[in-house]
Novice: 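Have a look at this one before I ask anything.
Numbered from 1 within each chain, the chains take letters A, B, ... in sequence-line order.
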Amino acid sequence: MPGGCGSRDPRRVLQPNARAPPCALILADHGCIRMKRPDAMLDPTLIRNQLDAVRTGLATRGDGFGGDLDRLVALDAERRAILPALETARHARKDVGERIARARRSGEAVDELVKAGQAHAAAIKEQETKLEAVEAERGSWALKLPNLPHTSVPVGRSDKDNVEVRRHGAPTGFEFEPRPHWEIGPALGILDFERAARLAGARFAVLTGAGARLARALINFMLDLHTGEHGYTEVEPPFLASSDALTGTGNLPKFEDDLFKIAGHWDLYLIPTAEVPLCNLHRGEILDERALPAKYVAYTPCFRSEAGSYGKDVRGLIRQHQFDKVELVAYATPDTSWDVHEALTRHAEEVLKRLGLPYRTMLLCTGDMGFAASKTYDLEVWLPSYETFREISSCSNTEAFQARRAGIRFRHDGRGKPEHVHTLNGSGVAVGRALVAILENYQQRDGTVIIPEVLRPYMQGLEVIEPGGK
RNA sequence: GGAGGGAUGGCCGAGCGGUCGAAGGCGGCGGUCUUGAAAACCGUUAGCGGGGAAACUCGCUCCUGGGUUCGAAUCCCAGUCCCUCCGCCA
């Protein structure tokens with residue numbers, strides 16, 4: 001459920017009378033958050049008026065809607081049929097109520113009027129019951145519809161149909177046989193899978209000494225870059241989120257199996273990415289257009305059950321139940337969001353450039369995109385042990401998909417009806433995989449690992465990680 | 001975990017079950033006065049959804065969800081959040 005509206009709500013206390021919003025947090029132009037349950041993920045008008053386009057668009061997706069769109073349309077029509085009847089009945093009841101009040105005052109009899117009122121009340125109840133059933137079914141269909149791919153997205157079935165749009169650096173060459181990170185790390189004494197397994201099971205890792213410090217250096221380097229040079233506001237959010245928040249981003253109701261749920265009576269999950277708290281930061285708000293685009297960056301741990309990925313990437317740090325990530329999220333107006341998407345992708349790329357890691361930028365095809373995305377670029381970093389590029393960042397524009405589910409809007413020119421904002425997200429970048437890429441790409445014949453120059457200030461000047469490295 | 005107190009429009013703050021979508025104040029906007037400004041005075045000022053070219057009109061909205069009633073901001077139940085105190089605690 002939405003947050004409360006206590007008069008001590010900090011948003012109200014901070015509410016400025018002046019027009020200019022503060023730079024850090026955008027303030028809603030109303031202090032109180034009211035939210036009904038999410039309406040639909042796709043624009044209902046679009047489904048109503050351009051059914052065929054929606055149908056063909058969704059069909060190109062890998063996770064395409066398996067259900068019956070016709071049923072959804074029928075439910076929508078039913079709803080729109082009930083509404084006028086309900087409103088007429090309510091109007092009649094209100095009218096009778098006023099006449100009773102007047103009659104009472106002048107001492108006239110009200111028995112007949114009360115009887116009429118009772119009839120209206122019964123009619124209202126009947127319509128409401130019908131409406132409730134229709135909306136419940138419609139809602140459960142609607143929330144499972146994935147986003148429509150943007151027209152610039154290539155149609156394809158799998159990652160094989162993704163398109164490389166640019167490349168930076170050449171795959172690292174070695175004059176010796178490079179080793180995988182799951183050998184390099186333990187040999188240096190900075191990475192330990194055995195002890196992690198003993199304390200938490202498979203798919204966990206312990207970083208120690210220079211390994212832990214390297215992770216922290218990466219986090220700080222990325223945060224400093226995005227806040228200092230790319231204009232993002234740093235956020236430290238909760239690492240748990242409610243089912244409403246996860247529904248807003250599209251993780252629920254379809255992908256509950258991918259999440260870790262808190263035991264007990266709590267309606268809480270461990271966040272699978274900081275995209276969840278950052279996209280829900282302005283849940284239920286109407287934003288000031290002048291504060292857009294609003295850009296946030298957060299470091300958080302991320303938790304994923306990795307259900308259904310048994311046997312995949314079982315070795316090393318590539319696929320863990322817990323990993324660190326620095327996440328970028330932007331809120332933009334519809335006419336700027338595509339520019340923001342390109343910029344955000346470049347911001348993520350800049351991290352890899354400065355770390356001196358070879359990578360390529362892939363435009364995902366329709367079949368390989370995530371549920372909420374309208375268009376996605378993946379950044380793939382070169383990993384010598386795999387002799388291939390592996391995903392290290394994913395940058396998506398969800399257009400109004402998440403905003404509609406989470407009720408995030410803005411008012412054009414400060415007037416008129418509020419419109420949904422566009423939300424964008426991208427890893428900037430995954431810390432664990434960046435650490436893997438450094439260990440593997442910067443390894444030397446003697447097993448030591450050179451620290452990229454940009455990280456050295458964050459490592460007390462350390463240039464090389466040697467065995468037993470502190 | 002225990003005990004209390006709260007939640008009303010952009011903000012503060014009233015509100016006997018019956019023209020209450022809500023007094024009053026502040027703020028905002030428009031005007032009078034003024035060389036200009038301030039002050040003073042007058043007027044105006046909620047959101048959301050639907051219909052209409054428009055004036056306009058219908059419905060919903062006083063934390064949320066149920067209930068009582070012809071009729072609920074107001075009464076009842078459940079929940080959420082905030083505040084104060086005690087306990088515990090990084």
Novice: Rounded to whole angstroms, how far apart are CG on A/D267 and C1' on B/rU64?
Specialist: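 Atom-to-atom, A/D267 to B/rU64, this comes out as 14 Å.
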Novice: Name the pairing partner of B/rC81, where a pair is Watson-Crick or G-U wobble with both distances under 3.5 Å, or state none.
Specialist: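 Looking at the geometry, B/rC81 pairs with B/rG6.
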Novice: Can you list every pair that meets side-chain hydrogen bond (donor to acceptor under 3.5 Å, both in side chains) and has a residue in residues 269-280 of chain A, with sequence neighbours left out?
Specialist: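 Matches after skipping sequence neighbours: A/E256-A/Y269, A/T273-A/K325, A/E275-A/Q402, A/E275-A/N425, A/N280-A/R283.
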Novice: Please name the nucleotide paired to B/rC16 by Watson-Crick or G-U wobble geometry with both distances under 3.5 Å, or report none.
Specialist: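 In the structure as shown, B/rC16 has no Watson-Crick or wobble partner.
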Novice: Starting from P on B/rG49, measure out to NE2 on A/H420 and report it in whole angstrom.
Specialist: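 Atom-to-atom, A/H420 to B/rG49, this comes out as 9 Å.
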Novice: May I ask which nucleotide in the shown strands pairs with B/rC11, Watson-Crick or G-U wobble, both distances under 3.5 Å?
Specialist: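 Its partner is B/rG25.
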Novice: If I pick the C1' atom on B/rG10 and the same atom on B/rC85, what distance separates them, to the nearest angstrom?
Specialist: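 Result for the C1' pair: 33 Å, nearest Å.
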Novice: In whole Å, what separates the P atom of B/rC70 from that of B/rC81?
Specialist: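 After rounding to an integer number of Å, I get 35 Å for this pair.
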Novice: Using both distances under 3.5 Å as the test, list the Watson-Crick or G-U wobble partner of B/rU68, or none.
Specialist: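 Check on B/rU68: unpaired, no WC or wobble geometry under 3.5 Å.
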Novice: Per the ring-ring contact (aromatic ring centres under 6.0 Å, His included) rule, what does the pair list look like for residues 192-222 of chain A, sequence neighbours excluded?
Specialist: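 Checked against ring-ring contact (aromatic ring centres under 6.0 Å, His included) - neighbours excluded - the pairs reaching residues 192-222 of chain A are A/F204-A/H321.
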Novice: Mind checking side chain to side chain donor-acceptor pair (under 3.5 Å) for A/R102 and listing every partner two or more places apart, or none if nothing turns up?
Specialist: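 Side chain to side chain donor-acceptor pair (under 3.5 Å) list for A/R102, sorted by chain: empty.
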Novice: Write down the protein N/O and nucleotide N/O pairs, taken from nucleotides 68-74 of chain B, whose separation is under 3.5 Å; answer none if there are no such pairs.
Specialist:
unit_1, atom_1, unit_2, atom_2, d
B/rC70, OP1, A/Q118, NE2, 2.7
B/rC70, O4', A/V114, O, 3.4

Novice: Strictly by Watson-Crick or wobble contacts shorter than 3.5 Å, is anything paired with B/rA55, and which nucleotide is it?
Specialist: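 Base-paired to nothing in any strand shown.
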Novice: Kindly indicate whether the side chain of A/R304, heavy atoms from C-beta on, has any atom under 4.5 Å from the side chain of A/D258.
Specialist: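 No, too far: nothing below the 4.5 Å cut-off.
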Novice: Which donor-acceptor pairs under 3.5 Å do the side chains of residues 117-126 of chain A make with protein atoms, sequence neighbours left out?
Specialist:
none

Novice: To the nearest angstrom, how far is A/W266 atom CH2 from B/rU80 atom C1'?
Specialist: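 Checked: the CH2 to C1' distance equals 13 Å.
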Novice: Suppose we define a pair by two distances each less than 3.5 Å, Watson-Crick or G-U wobble; what does B/rC60 pair with here?
Specialist: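 Partner of B/rC60: B/rG47.
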Novice: Could you tell me if A/H282 and A/Y296 have a donor-acceptor pair between their side chains, going purely by distance under 3.5 Å?
Specialist: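 There is such a pair between these side chains.
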Novice: Is there a Watson-Crick or G-U wobble partner for B/rC41 with both distances under 3.5 Å, and if so, which one is it?
Specialist: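 Pairing partner, where one exists within any strand: B/rG31.
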Novice: Paired with B/rG87: which nucleotide, if any, by Watson-Crick or G-U wobble criteria at under 3.5 Å for both distances?
Specialist: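 Its partner: none found.
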Novice: May I have the distance from A/E285 (atom CD) to B/rC48 (atom P), rounded to whole angstrom?
Specialist: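 Those two atoms, CD and P, are 15 Å apart.
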Novice: Considering only atom C1', compute the distance from B/rA14 to B/rC62 and round it to an integer number of Å.
Specialist: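 Each nucleotide's C1' atom is 13 Å from the other's.
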Novice: CD of A/E135 versus P of B/rG50: gap in Å, rounded?
Specialist: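 Distance check: A/E135 CD to B/rG50 P gives 13 Å.
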Novice: As a test of the definition: with a 90° window around 0 for syn, would you call B/rU35 syn or anti?
Specialist: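 Anti conformation for B/rU35.
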Novice: Can you identify which nucleotide, out of B/rC60, B/rG51, B/rC48, has its nearest atom closest to the A/R80 side chain?
Specialist: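 Closest of the options to the side chain of A/R80: B/rG51.
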Novice: Calculate the interatomic distance between A/E98 atom CD and B/rG59 atom C1'; express it in whole Å.
Specialist: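 The distance from CD of A/E98 to C1' of B/rG59 comes to 14 Å, rounded to the nearest Å.
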Novice: Roughly how many Å apart are B/rC12 and B/rG66, using the C1' atom of each and rounding to a whole number?
Specialist: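 Approximately 32 Å lies between the C1' atom of B/rG66 and that of B/rC12.
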Novice: Quantified in whole Å, what is the P atom distance between nucleotide B/rC60 and nucleotide B/rA78?
Specialist: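 Result for the P pair: 27 Å, nearest Å.
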Novice: Roughly how far apart, to the nearest Å, are B/rG43 and B/rG52 at atom P?
Specialist: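 Rounded to whole Å, the distance is 37 Å.
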Novice: Could you pick out which residue, A/A101 or A/A92, lies toward the 5' side of RNA chain B when each is mapped onto its nearest nucleotide?
Specialist: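 Whichever sits nearer the 5' end wins; that is A/A101.
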Novice: Can you tell me, in whole Å, how much space there is between the P of B/rU74 and that of B/rC63?
Specialist: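 Between the two P atoms, the distance is 8 Å.
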Novice: Is it the case that the side chains of A/T423 and A/T398 hold a donor-acceptor pair, with the cut-off being a distance below 3.5 Å and no angle test?
Specialist: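 Judged by distance alone, the side chains do pair up.
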Novice: Considering just the side-chain nitrogens and oxygens of A/K125, establish if one lies under 4.0 Å of OP1 or OP2 belonging to B/rG66.
Specialist: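 Result: no.
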Novice: In whole Å, what is the span from the CG atom of A/D244 to the C1' atom of B/rG65?
Specialist: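 Computing the A/D244:CG to B/rG65:C1' distance gives 13 Å.
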Novice: Would you check if the distance from the ring center of A/F401 to the ring center of A/H420 is below 6.0 Å?
Specialist: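 No: the rings miss the under 6.0 Å criterion.
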Novice: Please state whether the phosphate of B/rC58, meaning OP1 or OP2, lies under 4.0 angstrom from any side-chain nitrogen or oxygen of A/H91.
Specialist: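 Answer no for this pair, as no side-chain N or O of A/H91 is under 4.0 Å from OP1 or OP2.
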Novice: Given atom CD of A/E128 and atom C1' of B/rG67, what is their separation to the nearest angstrom?
Specialist: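 Atom CD in A/E128 sits about 13 Å away from atom C1' in B/rG67.
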Novice: Taking the C1' atom in each of B/rG87 and B/rG4, what is the distance between them to the nearest angstrom?
Specialist: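 It works out to 15 Å between them.
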Novice: Just to verify, what does A/H341 make a ring-ring contact (aromatic ring centres under 6.0 Å, His included) with, not counting sequence neighbours?
Specialist: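 A/H341: ring-ring contact (aromatic ring centres under 6.0 Å, His included) contacts with A/W338, A/Y377.
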